[in-house]
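Below you'll find the structure, written out as structure tokens, and then a few comments.
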Amino acid sequence: MKKRICIISTIIVLAVFAIGLIFALRSRFSLKINGYEIREDEFLEAAGRKKYEVVNYFTEQGSGNVDAGFWEREIGGEIPYEKLAEAAVEDLKYFYAVYGLAKEKGYIEDSSYDAFLKRWEMENQLRKEKIENGEVVYGLSEYTLDLYREYEMDSIQKSYCNDIANEGMEVTDSDRAQYYESYKDSYQRTDDRIFDYIKIPYTEQGLDEDTVKELKNSLTSIYKNMDGEHSLKELAKDNELVSPYLAHADITSEELRSYSRNIGDILEYGWELEEGESTAVLDEYGILYLIECTGRSKNDPVSIEEVKDNINKTLREERYEKIIEERAKDIRAEGDMERIFFFMKKHINE
């Protein structure tokens with residue numbers, strides 16, 4: 001009897017050990033990208049960068065609220081934590097594509113994640129010392145890991161794009177002309193516009209209800225009498241109640257940004273008006289408006305010479321991005337995705 005109990009106990013112990021071993025093997029994280037062993041914290045940081053993107057992906061599919069069970073709930077045949085794990089792998093492939101190219105070009109000496117962390121720590125230490133010594137520090141006084149990654153990747157991109165000897169960085173006249181024609185509408189200068197307008201911020205001025213009513217009636221009367229022979233300016237000048245609020249704006253395309261800051265509301269309500277047209281009397285957010293467009297003329301588009309440098313920069317950055325994307329596609333990710341999914345599931349809510 002004792003022998004039988006001993007055998008049963010041994011079997012139970014072995015079974016528990018086997019289950020534990022299977023669980024341990026299953027939960028063991030193992031991933032290699034571009035020859036580098038990926039650390040657990042490195043993978044989780046990549047997943048953290050992609051969380052919003054994955055949530056947005058499922059939200060657009062009508063997944064509902066992102067509640068406690070969101071990550072493990074099947075949505076449209078997909079499981080969010082698995083989607084996140086796959087996105088993290090792609091993010092890491094992109095990282096090693098960028099840093100592999102940077103090492104080849106001599107922009108960095110070591111393309112490993114550990115070397116990246118050391119550069120981040122050294123940059124923050126250097127900034128800290130400069131601040132303590134009273135020296136000027138441009139930009140942030142200290143970088144978070146993600147901001148440093150963005151900063152360094154941007155620096156790598158600039159170094160690559162500034163060297164026209166690099167693949168894809170020579171931009172010909174033909175390249176520029178083709179790009180310019182493709183986006184010609186975006187180089188069209190806005191029309192010059194001339195407005196006469198009345199703007200009465202009655203709430204801000206604390207005007208009483210009777211005064212506001214009288215002002216609105218005056219504006220309505222002016223609006224009804226506006227025609228080809230009688231303009232807003234002419235009619236408003238003859239109205240003692242309204243005339244103090246009469247204003248004029250002669251807006252060229254070069255001055256548009258400045259006017260947008262100062263009279264953005266007038267531009268918004270009057271933007272589509274053609275010469276000789278006006279708005280009706282508007283009552284918006286405690287302000288009365290009446291706007292007339294008294295002049296509108298078209299401008300020539302910005303010439304290709306004026307935007308040559310911007311086109312060069314855009315084309316080079318687009319080509320650089322394509323090069324990185326192609327390199328990322330060619331990078332091998334070695335690992336058991338089932339184990340990676342399990343690891344992601346285990347850490348998703350941390």
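Numbers for residues simply follow the sequence, beginning at 1.
The pair Asp173-Arg176 meets the salt-bridge criterion, with a side-chain N (NZ, NE, NH1 or NH2) lying under 4.0 Å from an Asp/Glu carboxylate O. The pair Asp91-Arg49 meets the salt-bridge criterion, with a side-chain N (NZ, NE, NH1 or NH2) lying under 4.0 Å from an Asp/Glu carboxylate O. Between Asp154 and Lys158 a salt bridge is recorded (basic side-chain N to carboxylate O distance below 4.0 Å). Using a cut-off of 4.0 Å between Lys/Arg side-chain N and Asp/Glu carboxylate O, Lys213 and Glu209 are scored as not salt-bridged. A salt bridge is defined here as a Lys NZ or Arg NE, NH1 or NH2 lying under 4.0 Å from an Asp or Glu carboxylate O, and Lys93 with Glu90 meets this definition. Of the charged side-chain nitrogens involved, none lies within less than 4.0 Å of a carboxylate oxygen, so that Glu121 and Lys118 do not count as a salt-bridged pair. We find that Arg39 and Asp114 are joined by a salt bridge, their nearest charged nitrogen and carboxylate oxygen being less than 4.0 Å apart. A salt bridge does not link Asp163 with Lys105: none of the charged nitrogens is closer than 4.0 Å to a carboxylate oxygen. Of the charged side-chain nitrogens involved, none lies within less than 4.0 Å of a carboxylate oxygen, so that Glu318 and Lys322 do not count as a salt-bridged pair.
Taken together through direct or relayed side-chain contacts under 4.5 Å among Ile, Leu, Val, Met, Phe, Trp and Tyr, Phe195 and Ile287 form part of one hydrophobic cluster. Leu288 is not connected to Leu282 by any chain of hydrophobic side-chain contacts under 4.5 Å among Ile, Leu, Val, Met, Phe, Trp and Tyr, and they are in different clusters. In this structure, Tyr96 is a member of the same hydrophobic cluster as Ile340, with clusters built from ILVMFWY side-chain heavy atoms closer than 4.5 Å. In terms of hydrophobic clustering, with Ile, Leu, Val, Met, Phe, Trp and Tyr side chains grouped at heavy-atom distances under 4.5 Å, Leu246 and Tyr197 are assigned to different clusters. Both Ile156 and Leu147 sit in one connected hydrophobic cluster of ILVMFWY residues. Membership requires side-chain heavy atoms under 4.5 Å apart, directly or through other members.
In this structure, a donor-acceptor pair under 3.5 Å is present between the side chains of Glu255 and Thr252.
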message = Applying side chain to side chain contact (heavy atoms under 4.5 Å, CB included) to Leu290 and Met226, what does each step give before you reach the verdict?
response = CA-CA 11 Å; Leu290 181 55; Met226 289 169 60; 4.1 Å; yes

request  = Would you check, one step at a time, whether the test side-chain hydrogen bond (donor to acceptor under 3.5 Å, both in side chains) holds for Asn166 with Tyr320?
outcome  = CA-CA 10 Å; Asn166 285 331; Tyr320 169 84; over 6 Å; no

Criterion side chain to side chain contact (heavy atoms under 4.5 Å, CB included) on Arg193 and Trp271, from CA distance to verdict = CA-CA 9 Å; Arg193 292 168 167 84; Trp271 190 254; 3.2 Å; yes

task = Assess whether side-chain hydrogen bond (donor to acceptor under 3.5 Å, both in side chains) is satisfied between Asp265 and Tyr285, documenting all intermediate values.
result = CA-CA 11 Å; Asp265 51 349; Tyr285 309 107; over 6 Å; no

task = Would you sort out whether Ser278 and Ile291 count as a side chain to side chain contact (heavy atoms under 4.5 Å, CB included), showing the intermediate values?
result = CA-CA 5 Å; Ser278 75; Ile291 306 165; over 6 Å; no

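Asp175 places a side-chain N or O within donor-acceptor distance of the main-chain N or O of Thr172, the cut-off being under 3.5 Å. No donor-acceptor pair closer than 3.5 Å links the side chain of Arg339 to the backbone N or O of Ser30. A side-chain donor-acceptor contact under 3.5 Å links Lys51 to the backbone of Ile348. Between the side chain of Asp110 and the main chain of Ser112, a donor-acceptor pair closer than 3.5 Å is present. Of the possible polar contacts, one joining the Arg316 side chain to the Met169 backbone as a donor-acceptor pair under 3.5 Å is found.
Checked against the 6.0 Å centroid threshold, Tyr183 and Tyr179 count as a close aromatic pair.
Using a 4.5 Å heavy-atom cutoff, the side chains of His230 and Asn225 are not in contact. Looking at Val54 and Trp71, their side chains come closer than 4.5 Å, going by heavy atoms from C-beta outward. Within the 4.5 Å cutoff, side-chain heavy atoms of Ile311 are placed close to those of Tyr187.
Between Phe43 and Phe29, the ring planes are tilted. Angles from 30° to 60° get that label.
Among residues two or more places apart in sequence or in another chain, the salt bridge (charged side-chain N to carboxylate O under 4.0 Å, His left out) test is passed with Lys32 by Glu37. For Tyr151, the ring pair (Phe, Tyr, Trp, His ring centres under 6.0 Å) partners two or more places apart in sequence, or in a different chain, are Tyr143, Tyr148. Every residue two or more places apart in sequence or in another chain that forms a ring pair (Phe, Tyr, Trp, His ring centres under 6.0 Å) with Phe95 is listed here: Tyr99, Phe116.
When each of Glu129, Glu123, Lys128 is paired with Gln125, the side chain to side chain donor-acceptor pair (under 3.5 Å) condition holds for Glu129 and for no other.
With a 6.0 Å radius and a threshold of 12 heavy atoms from other residues, nucleotides or ligands, Glu170 has its CD atom at or below the threshold.
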